[in-house]
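Sequence lines set the chain letters: A, B, ... in the order given, protein chains first and strands last, and positions in each chain run from 1.
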Amino acid sequence: MAFTLPDFPAKTIATKTTTILQVPDNPKTLILEKCRTTRDLNQVHAHLIKTRLLHNPNVANPLLESAALLLPNPSINYALNIFRDLEKPDSAAYNAMIRGLTLKQSSNEAILFFRQMIEHLVKPDKFSFSSVLKACSRLKALMEGQQIHAQIFKCQWSCKHEELVNNALVYMYASCGEMVLARRVFDGMSERSTITWNSMFSGYVKSGFWEEVTRLFREMLDMEVQFDGVTLISVLTACRKLGDLELGQWIDDYVEVNGLMGNANLVTSLFDMYAKCGCVDAARRLFDRMPRKDVVAWSAMIAGYSQANRGKDALSLFHEMQKANVEPNEVTMVTVLSSCALLGALETGKWVHSYIKKKKWKLTVTLGTALVDFYAKCGCVDSAVEVFQEMPSTNVLSWTALIQGLASNGQGIRAMEYYSLMQQQNIAPNDVTFIGVLCACSHAGLVDQGWAFFTSMTRDFGFEPRIEHCGCMVDILGRAGRIEEAYNFIKSMTTKPNAVVWRTLLASCRFHKNVEIAEESLKQVVRLEPAHAGDYILLSNVYASVGRLEDALRVRSQMKEIGVKKSPGCSLIELDGVIHEFLAEDSLHPDLEDIYTAIDHIMKRIKLAGYVPNTAEGRLDAEEDGKEASISHHSEKLAIAFGLLKTTPGATIRISKNLRICTDCHNAAKLISTVFDRVLVIRDRNRFHHFVGGTCSCNDFW
DNA sequence: GTAGGGTTAG
């Protein structure tokens with residue numbers, strides 16, 4: 001930093017690491033540099049006292065600034081000492097302190113200094129205002145900010161026209177979420193720089209006013225105002241939230257044409273936008289083009305896969321990241337954990353947990369919630385609860401994850417205990433919490449409680465029931481066998497029922513053998529969503545369950561006529577930390593030959609144990625294929641898993657399914673866990689079923 | 001002075 005010095009002896013003071021250098025062509029300018037430790041400052045300070053130069057504000061202020069701004073934390077006290085020694089601190093001295101304190105996250109003290117400055121009748125200048133406003137922005141201290149705004153307004157001198165001051169005002173209001181006030185200052189400015197515009201953008205982004213961001217950007221383009229990379233990053237954030245791929249692509253072209261691809265932050269925003277707009281592969285192509293990828297870029301791409309439900313790609317990218325020697329951080333691990341939760345990849349997630357412990361990372365709310373969710377989705381309820389209890393602080397998301405986790409693992413009662421505990425701790429539930437709570441009621445078979453929560457949600461908390469809540473109610477009533485009531489509930493819904501709601505009812509009809517409402521439900525499902533094989537199978541099974549085999553077969557052939565596509569069933573098997581993915585009719589899988597041998601083996605064992613596929617599905621498959629005992633899709637997957645289990649002694653097998661488990665599958669699992677004397681875990685959507693020696697630990701459904 | 005990645009539901 002340079003400063004002017006009236007009468008300083010023309011010589012150089014040198015300490016071990018500090019030099020006050022005299023610039024040869026201007027003997028009055030000295031450069032204070034490399035003042036990086038308190039000791040250095042001490043020596044210079046002492047010298048200035050000795051030479052009586054400290055009384056000269058031109059010398060003292062740069063020293064103060066150096067102490068307040070350059071040095072790490074303890075030196076702020078040192079700066080305070082220098083400040084207190086000043087006979088009559090001027091505005092520059094105050095500014096140095098305010099800036100220094102704001103920089104060191106002591107924004108409260110910065111504002112106090114500003115107050116003191118006013119009390120001592122020291123006239124604030126544009127730097128004072130912009131610094132103290134920055135402190136207000138940090139603290140989101142709207143009231144103080146407005147008081148300062150009033151002072152600026154009262155100023156007789158030109159501060160209120162200073163761009164620096166107005167930028168700080170815009171940014172202060174934007175940080176406080178007061179976008180109307182920010183806009184008012186913005187509109188009143190005669191000159192606006194790119195930074196002014198960017199402050200507006202950052203405010204709209206912070207408040208989540210995504211439409212305003214793109215609107216303002218189009219305004220900027222119309223007015224032909226220069227924008228920069230920072231602008232584009234804000235606009236890209238809005239694009240990804242709005243799913244505005246068109247504008248996003250325009251920015252991509254602009255970045256390409258104007259040679260901005262070197263801006264790594266901008267490129268990260270760009271591919272992140274693509275990923276969140278559903279173009280994960282386009283995102284990956286951009287990501288691959290980045291010459292140097294930092295931890296944010298890696299995490300963003302992993303998150304892109306994870307949020308697109310491509311957990312396997314997410315985890316393999318994480319392994320690549322490790323090979324590239326990029327240290328993961330908390331955000332990386334949160335996304336990795338959510339990928340593990342998607343896949344039911346217990347071993348990998350556990351490794352992440354031990355990594356976190358080894359590195360002694362703080363269990364933040366986000367990290368803890370990700371762990372709770374991961375353990376719960378993998379069926380390890382006790383570990384989920386354990387992590388939850390270790391968390392130093394929790395929020396509504398953590399509680400919701402736990403409640404949902406307990407509910408989906410068949411512990412509905414316990415889930416509701418945690419809901420009341422949550423209320424005792426005065427943590428307000430949100431609408432998602434109620435999905436968990438209603439889910440708990442459905443799994444625990446608590447119809448009256450379910451109704452009570454459904455009513456309370458709107459009456460006591462003001463959440464209008466969303467389609468998901470209604471779906472839960474249908475599930476609660478349907479599972480309890482109150483099919484008519486569920487049907488009437490759907491009819492009375494204010495929101496239009498979707499295919500999921502009708503499908504839920506259809507599944508209940510299957511369980512409780514209600515032909516009439518099943519027929520109506522299928523009609524509605526087909527009307528709302530392009531034909532889905534599972535829906536026809538459900539109806540066919542309803543017919544079969546009441547002995548109307550001809551109708552069952554008719555539905556099956558109807559399926560073929562209409563050409564209903566069977567979505568490829570997909571199973572994921574984790575074997576010693578590696579995820580194996582099997583698609584139905586997957587003939588290219590490397591382990592397939594072994595697997596078929598294993599299936600034969602399994603089938604023999606199954607027959608030996610007297611297992612007869614006793615569901616309509618099993619029978620129909622057999623008839624269709626012209627074989628005596630063909631196995632259903634679900635049993636086949638089980639067989640594959642057990643084939644692997646058999647060839648790898650001691651391995652733990654986990655099967656994750658994206659399909660609802662049928663009774664057939666359940667029985668097979670029971671049987672197989674007995675025959676092989678192993679623990680078996682099956683995932684049915686987000687619920688895990690544990691089989692130990694032929695018994696399933698969650699008997700809420702079966 | 002302004003800027004990039006994350007957790008709960010279906």
Distance check: side-chain N/O of [X] vs OP1/OP2 of [N], anything under 4.0 Å?
X: A:Ser202; N: B:dA3; result: yes
X: A:Arg503; N: B:dG10; result: no
X: A:Gln307; N: B:dT7; result: yes
X: A:Tyr171; N: B:dA3; result: yes

Contact class for [X] vs. all strands (heavy atom < 4.0 Å): base, sugar-phosphate, or nothing?
X: A:Asn167; value: base
X: A:Asn395; value: nothing
X: A:Leu266; value: nothing
X: A:Lys276; value: sugar-phosphate
X: A:Asn329; value: base
X: A:Ala370; value: nothing
X: A:Thr366; value: base

Report the nucleotide, chosen from [options], that has the shortest atom-to-atom distance to any side-chain atom of [X].
X: A:Val295; options: B:dT7, B:dT2, B:dG5; answer: B:dG5
X: A:Leu164; options: B:dG6, B:dG1, B:dG5; answer: B:dG1
X: A:Ser269; options: B:dG4, B:dG10, B:dT7; answer: B:dG4
X: A:Ser338; options: B:dA3, B:dG10, B:dT7; answer: B:dT7
X: A:Glu330; options: B:dA9, B:dG6, B:dG5; answer: B:dG6
X: A:Thr268; options: B:dT8, B:dG5, B:dG4; answer: B:dG4
X: A:Ile233; options: B:dG5, B:dA9, B:dA3; answer: B:dA3
X: A:Val432; options: B:dT8, B:dG4, B:dG5; answer: B:dT8
X: A:Val500; options: B:dG4, B:dT8, B:dG10; answer: B:dG10

Are a donor atom and an acceptor atom from the side chains of [X] and [Y] found within less than 3.5 Å of each other?
X: A:Asn95; Y: A:Ser128; answer: yes
X: A:Thr400; Y: A:Thr433; answer: yes
X: A:Tyr305; Y: A:Arg284; answer: yes

Between atom [atom1] in [X] and atom [atom2] in [N], what is the gap in whole Å?
X: A:Leu232; N: B:dA3; atom1: CG; atom2: P; result: 14 Å
X: A:Met261; N: B:dG4; atom1: CE; atom2: C1'; result: 14 Å
X: A:Met273; N: B:dG4; atom1: CE; atom2: C1'; result: 13 Å
X: A:Phe374; N: B:dG6; atom1: CZ; atom2: P; result: 20 Å
X: A:Leu342; N: B:dG6; atom1: CG; atom2: C1'; result: 14 Å
X: A:Leu438; N: B:dG10; atom1: CG; atom2: P; result: 11 Å
X: A:Phe227; N: B:dG1; atom1: CZ; atom2: P; result: 23 Å
X: A:Arg99; N: B:dG1; atom1: CZ; atom2: C1'; result: 11 Å

inquiry  = If we ignore hydrogens and angles and just use 3.5 Å, is the side chain of A:Asn258 paired with the main-chain N or O of A:Tyr254 as donor and acceptor?
reply    =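 Yes; judged by distance alone, with no hydrogens or angles, the pair exists.
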
query = Are A:Cys340 and A:Leu346 close enough that some pair of their side-chain heavy atoms sits under 4.5 Å apart?
reply =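 With C-beta onward as the side chain, the pair stays apart.
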
task = Side-chain contact test, heavy atoms from C-beta onward, threshold under 4.5 Å: evaluate it for A:Tyr171 versus A:Ile195 and give yes or no.
result =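 The answer is no; the side chains never approach within 4.5 Å.
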
task = Could you pull out the closest heavy-atom pair between A:Met179 and A:Ala174, with the gap in Å?
result =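 Looks like SD-CA, 3.7 Å.
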
key: Side-chain donor/acceptor contact of A:Asn198 with base of B:dG1 under 3.5 Å   =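 Absent.
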
